[in-house]
Structure formats: structure tokens, C-alpha cells
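Below is one structure; the comments refer to it alone.
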Amino acid sequence: MEKQRLDKLIASTGRWSRREVKNLVRQGRVLVDGVPVRSAEEKADPEKAEILVNGEAIAYRRYTWVMLNKPAGYLSATEDGRGPTVMDLLPAELRRQGLFPVGRLDKDTEGLLLLTNEGGLAHELLSPRHHVDKVYYARVAGRLTEEDCRAFAAGMTLDDGLACLPAELAILSSGRESEAHVTLREGKFHQVKRMLAYLGKPVLYLERVSMGNLPLDITLSRGEFRFLTEQEVDQLRKT
Ligand code: URA
């Protein structure tokens, strides 16, 4: 791999800003192959050199993968004049890395949203051909029934002509308001809301709780993010 400037490389971990890297270098706390670095502009090959910051080896990755616990009120876009986007929830160092959301959650939908700059894998995860299950927790108005479950399983065609692949509706509670887990293998615009509205049970609240074999990390508060581990990214590659 080509050599890169240390400030850029270290900041790409999202843990330090470029300015902080400069200070750390000044304090002699950045070592490349055991030798203190003199300038943050020096270059190193992250795949060959051992880079220590405060005595800790930095885990360099070619691509960045982030799990965000999306709160309501943010658009799943990199830029949108209509309001705040999920990018506003990330630090500047990450925003500079060309991250984009892997698929979209509606402005009022909460929960698991992945962001990355690895276009190929992101594309695969979104393709219906790859059958990546997306699970949503939904609270709806009205009583969900076994008949609704059968309609999901059969694959429905909505009034507006949208033909939905077979999906799963697992009822968690049923009453004047009901709760369910909905599992989809595709992600058409407002799909969960449209499917449930078609059955006469409009969605009151929606949260994505998993994608493939990656559950939402419940230690993340709304609006918080964390990096995916290497194992988690490998798991996504296998889905
Ligand atoms: N389906 C919806 O209706 N909205 C979302 O945000 C995601 C899936």
C-alpha cells in the first residue's frame, strides 16, 4: 500500500483529529517502528509499519464501517437541504472519509444504520439477490392477526402496485395497539410502513433492530456510533 501522511492516517481511525495528532507528535507520543515521529506530515505505509499512539498500535483499515443508533429527526443522506442528516452525528474526521449510509431509514425511523466508504460490499448488502434479512420492531395501531402473518409470508402486492417478496411478521403483542418484528429481504421506499398500512395497521413507531447477522448494539444510546470490529465486517462479507 502507498505511504500516507501520518496525521491523515491516524485521524482516519476517528479517535483523534488531525490537530490532536499534531500535538501528540509534538509530545513524542507517536512512534513509527519504534522511532518517535518528528512531524505529523511524515508518511508511512500502514500495512507495513507499526504505528503506536500513546503506546497503542493503531488498527488501520482500508475501509471504515460504522454502526449508528439512529435517532428520529435525521435524514439518511450525506447531504440534504431539508434538515440534519446522519452525517451530522459523526465527528468531522469521519465525515471527511466519504462515508455514506448503507440504505436508508426514514427520518422518523430509529435504530441500526451502517455507514461505510466501502461501496462494493455496501451495494451487495442492499441487493435483494443477497437476501440480507433486515429486522424491524414495529408498533402499529390496531390488532395484528395470524391472517396478517400469512399475508406477509405469501408476499403481497400493494394497492399502488408494489409487489413485495415474501416476508415475516412475528407478533409480539396484540391489542388496540400491537407490536411485531418484521423481517424483510428488500428495502423499497417506506416498505414496512406501506405493507402494514395496506393491512390497515398504520405504523406508529419503527426501529431497525438488525441487519444480516449484525444486531443493533444495545450499549449505544440513540445518536451514538461505534466502529464495527474486524470480525463483524468479515461476517457481513459472508452474508
Ligand atoms: N421501512 C419503512 O417503512 N421505513 C424505514 O425507515 C425502513 C423500512
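Note that ligands are numbered from 1 as they come in the structure, with each ligand's atoms numbered from 1 the same way. Remember, predicted model here, so these are calculated numbers, not experimental data.
- In summary, E207 and R222 engage in a salt bridge, as defined by a charged side-chain N under 4.0 Å from a carboxylate O.
- The shortest N or O to N or O distance between L206 and ligand 1 is not under 3.5 Å.
- Side chain of K193 to backbone of A197: no donor-acceptor contact under 3.5 angstrom is found.
- R15 and E20 get closest at one heavy-atom pair: O-OE1, 4.1 Å.
- Scanning the protein heavy atoms around atom 1 (N) of ligand 1, the nearest turns out to be V192 N, 3.1 Å.
- Within ligand 1, counting atoms from 1 as listed, the ones closer than 4.0 Å to a heavy atom of T109 are 4 (N), 5 (C), 6 (O).
- With R237 as the partner, the salt bridge (charged side-chain N to carboxylate O under 4.0 Å, His left out) test is satisfied by one option alone out of E230, E124, E118: E118.
- Counting heavy atoms closer than 4.0 Å to ligand 1, residue L184 contributes nothing at all.
- An N or O contact shorter than 3.5 Å is missing between R104 and ligand 1 by distance.
- A salt bridge links K188 with E186; the closest basic N to acidic carboxylate O contact falls under 4.0 Å.
- Between E93 and R19 there is no salt bridge, since no side-chain nitrogen of the basic residue lies less than 4.0 Å from a carboxylate oxygen of the acidic one.
- Atom 7 (C) of ligand 1 has Y136 CE2, 3.5 Å as its closest protein atom, hydrogens excluded (heavy atom only).
- Not a single N or O atom of R194, backbone or side chain, sits closer than 3.5 Å to an N or O atom of ligand 1.
- Contact annotation: for Q191 versus ligand 1, heavy atoms closer than 4.0 Å belong to the backbone alone.
- For T64 and Q97, the side-chain atoms include at least one donor-acceptor pair closer than 3.5 Å.
- The protein non-hydrogen atom at the shortest distance from atom 4 (N) of ligand 1 is D106 OD2, 2.7 Å.
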